[in-house]
Amino acid sequence: MRIGFHTDAFNSAYWSFEKCLQWASDNDVHFIECGLIDGVSWIHGLGYQPHVALYEDPALLRRKMDRYGVRFSQVDAAYPLSGEDGPLRGVPYVLKSIAWAAQAGSPCVDTTDGLHMPEGLSEEESMALMKRSYEKIIEVAEAHEIIVNIEPHGHFTTRPEFMARMLAFVDSKWLRMNMDTGNTFIAGQEPTEFLPRFIDKVSHVHVKDVSQSLADAVRGGQTGIAVSHCALGDGVNAENIKACLAQLRDHGYDGVLSLECEGAAGPMIEKSLAWIRGTCRDLGIKLH
């Protein structure tokens with residue numbers, strides 16, 4: 001397996017993407033994941049946001065990343081596709097992200113649904129919208145040979161019965177799943193039961209712990225965590241993460257474990273990095 005991180009970790013530190021590349025290089029981490037911006041944002045333009053805009057040339061960015069010894073594991077285009085504006089706003093965004101990712105050297109593009117049940121739609125109407133959306137998305141993904149992952153993060157995707165249906169929207173090897181240990185847990189699922197059901201489809205993994213206080217306050221009432229304010233190993237999800245890593249090991253998973261926790265230019269993400277490396281060593285997982 002390989003270790004990476006999501007640049008969301010440095011949102012609150014107002015880092016630029018290049019500063020995240022430097023952090024990766026300094027900490028011997030060679031895979032990075034970031035959000036994609038479709039348009040111009042003043043905070044990004046001033047260098048205070050650790051994500052990448054689609055107007056940035058992907059080939060030139062790839063060349064810059066090579067100088068740091070860092071590659072994309074995935075780019076995040078997770079505009080919610082479950083609402084009425086999913087086909088209008090989300091689908092064009094994802095389609096542009098796929099073509100951009102192919103040039104930038106990212107093997108995966110992340111997608112998801114909305115946190116809440118969309119207003120004005122039934123569950124079946126929303127699922128029908130998403131099915132049509134993913135059919136178009138996968139047509140483009142196949143042309144570019146880019147994996148489109150569905151991440152458990154919302155009303156539908158954190159419920160196994162709906163995730164199973166979504167992963168069957170299109171019969172294609174390019175439609176897969178991004179496992180998230182934190183989102184599944186906070187939604188009231190057991191990550192160790194959620195993962196085995198879909199382990200054949202997993203191509204990327206978000207590793208998040210959950211603090212006791214957050215679990216006590218919202219577990220079962222929310223479907224996702226933007227960024228965990230808990231270092232790996234310090235929360236109530238740590239044993240689940242270990243068990244999930246063992247399941248991935250036994251299944252032969254050789255993809256990226258992407259850390260998702262608060263960085264804030266401080267010790268939390270460094271502590272998480274040390275924990276995941278030590279835990280993988282204890283579990284006999286070879287890291288590349």
Side-chain angles (χ1 to χ4, degrees), residues 3-27 29 31-56 61 64-65 68 70-80 90 93-94 97 100-101 104 106 108-112 114-115 149 151-154 178 180-183 185-186 204-211 213-214 217-218 222-232 234-235 237 256-273 275-276:
I3 293 176
F5 72 102
H6 199 305
T7 61
D8 270 349
F10 297 107
N11 282 340
S12 62
Y14 296 103
W15 280 17
S16 67
F17 181 73
E18 187 161 6
K19 194 166 183 179
C20 292
L21 292 177
Q22 186 64 60
W23 183 90
S25 179
D26 292 345
N27 288 275
V29 175
F31 294 90
I32 198 168
E33 179 183 5
C34 73
L36 293 180
I37 302 166
D38 186 10
V40 176
S41 161
W42 66 272
I43 196 168
H44 169 261
L46 288 170
Y48 298 137
Q49 198 169 51
H51 304 294
V52 173
L54 288 171
Y55 64 73
E56 298 179 58
L61 180 63
K64 177 188 289 186
M65 293 172 67
Y68 287 93
V70 180
R71 289 186 284 158
F72 282 120
S73 65
Q74 179 168 262
V75 288
D76 201 332
Y79 188 92
Y93 171 51
V94 174
S97 298
W100 190 94
S106 174
C108 305
V109 172
D110 199 26
T111 66
T112 194
L115 298 177
N149 284 318
E151 178 182 343
H153 206 310
N178 179 100
D180 191 301
T181 62
N183 292 345
F185 180 83
I186 207 68
H204 197 267
V205 178
H206 286 167
V207 187
K208 285 204 288 272
D209 210 337
V210 180
S211 68
S213 59
L214 184 63
V218 302
Q222 290 188 3
T223 58
I225 302 169
V227 176
S228 177
H229 292 269
C230 178
L232 295 181
D234 284 354
N237 205 31
V256 171
L257 307 171
S258 187
L259 309 184
E260 282 200 321
C261 73
E262 177 63 58
M268 190 177 293
I269 192 168
E270 285 88 351
K271 185 175 184 180
S272 295
L273 181 57
W275 185 88
I276 196 76

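Along the sequence shown, the residues carry numbers beginning at 1. Please read all numbers here as calculations on a predicted model, not as lab measurements.
For the residue pair Val256 and Gly4, the shortest heavy atom distance occurs at CG1-N, 3.8 Å. The two residues Ala231 and Lys271 come nearest to each other via the heavy atoms CB-CD, 4.1 Å. Here the closest heavy-atom approach between residue Glu151 and residue Asn183 is recorded as OE2-ND2, 3.1 Å. Contact detail for Phe72 and Ser106: the closest heavy-atom pair is CB-CB, 3.6 Å. The two atoms that bring Ala77 and Ser97 nearest to each other are CB-OG, 3.5 Å, heavy atoms only. The minimum heavy-atom distance linking Asn178 with Pro152 is given by the pair O-CD, 2.9 Å.
Not a single donor-acceptor pair under 3.5 Å links the side chain of His206 to the backbone N or O of Asp180. With hydrogens and angles ignored, the 3.5 Å screen pairs a side-chain donor or acceptor of Trp100 with a backbone N or O of Glu56. With Ser16 contributing its side chain and Tyr48 its backbone, the two residues share no donor-acceptor pair below 3.5 Å. Side-chain atoms of His44 come within 3.5 Å of backbone N or O of His51 as a donor-acceptor pair.
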Worked check of side chain to side chain donor-acceptor pair (under 3.5 Å) between His6 and Asp76: CA-CA 9 Å; His6 199 305; Asp76 201 332; 3.0 Å; yes

Residues Ile37, Val52; criterion side chain to side chain contact (heavy atoms under 4.5 Å, CB included); working and verdict: CA-CA 6 Å; Ile37 302 166; Val52 173; over 6 Å; no

Residues Trp23, Glu18; criterion side chain to side chain donor-acceptor pair (under 3.5 Å); working and verdict: CA-CA 9 Å; Trp23 183 90; Glu18 187 161 6; over 6 Å; no

Working for side chain to side chain donor-acceptor pair (under 3.5 Å), residues Asn237 and Lys208: CA-CA 8 Å; Asn237 205 31; Lys208 285 204 288 272; over 6 Å; no

CA sep, side-chain torsions, deciding dist, call: His204, Asn149, side chain to side chain donor-acceptor pair (under 3.5 Å): CA-CA 8 Å; His204 197 267; Asn149 284 318; 5.3 Å; no

Check against side chain to side chain contact (heavy atoms under 4.5 Å, CB included), Tyr68 and Ile32: CA-CA 11 Å; Tyr68 287 93; Ile32 198 168; over 6 Å; no

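The number of heavy atoms from other shown groups lying within 6.0 Å of OH (Tyr14) does not exceed 12.
Atom NZ of Lys19 and atom OG1 of Thr7 lie 14.0 Å apart (nearest 0.5 Å). To the nearest 0.5 Å, the span separating CG on Leu273 from CG on Leu257 amounts to 11.0 Å. A distance of 12.5 Å separates CD1 of Ile225 from CG of Asp8, quoted to the nearest 0.5 Å. The line from CG of Leu259 to OG of Ser272 is 6.5 Å long, rounded to the nearest 0.5 Å. Note that CZ of Phe5 and OG of Ser258 are 8.5 Å apart. Values are rounded to the nearest 0.5 Å. Taking CZ from Phe31 and CD from Gln74, the interatomic distance works out to 13.0 Å, rounded to the nearest 0.5 Å.
At least one side-chain heavy atom of Gln49 sits under 4.5 Å from a side-chain heavy atom of Ser41. Side-chain contact between Leu36 and Tyr93 is present, with heavy atoms from C-beta onward closer than 4.5 Å. Contact annotation: the side chain of Ser228 never approaches that of Glu262 to less than 4.5 Å [non-hydrogen atoms, C-beta and beyond]. With contacts defined as side-chain heavy-atom distances shorter than 4.5 Å, the pair Ile276/Ile3 qualifies. Here the side chains of Tyr79 and Asp38 are not in contact, with every heavy-atom distance at 4.5 Å or above. In this structure, the side chains of Phe17 and Met65 come closer than 4.5 Å at one or more pairs of heavy atoms.
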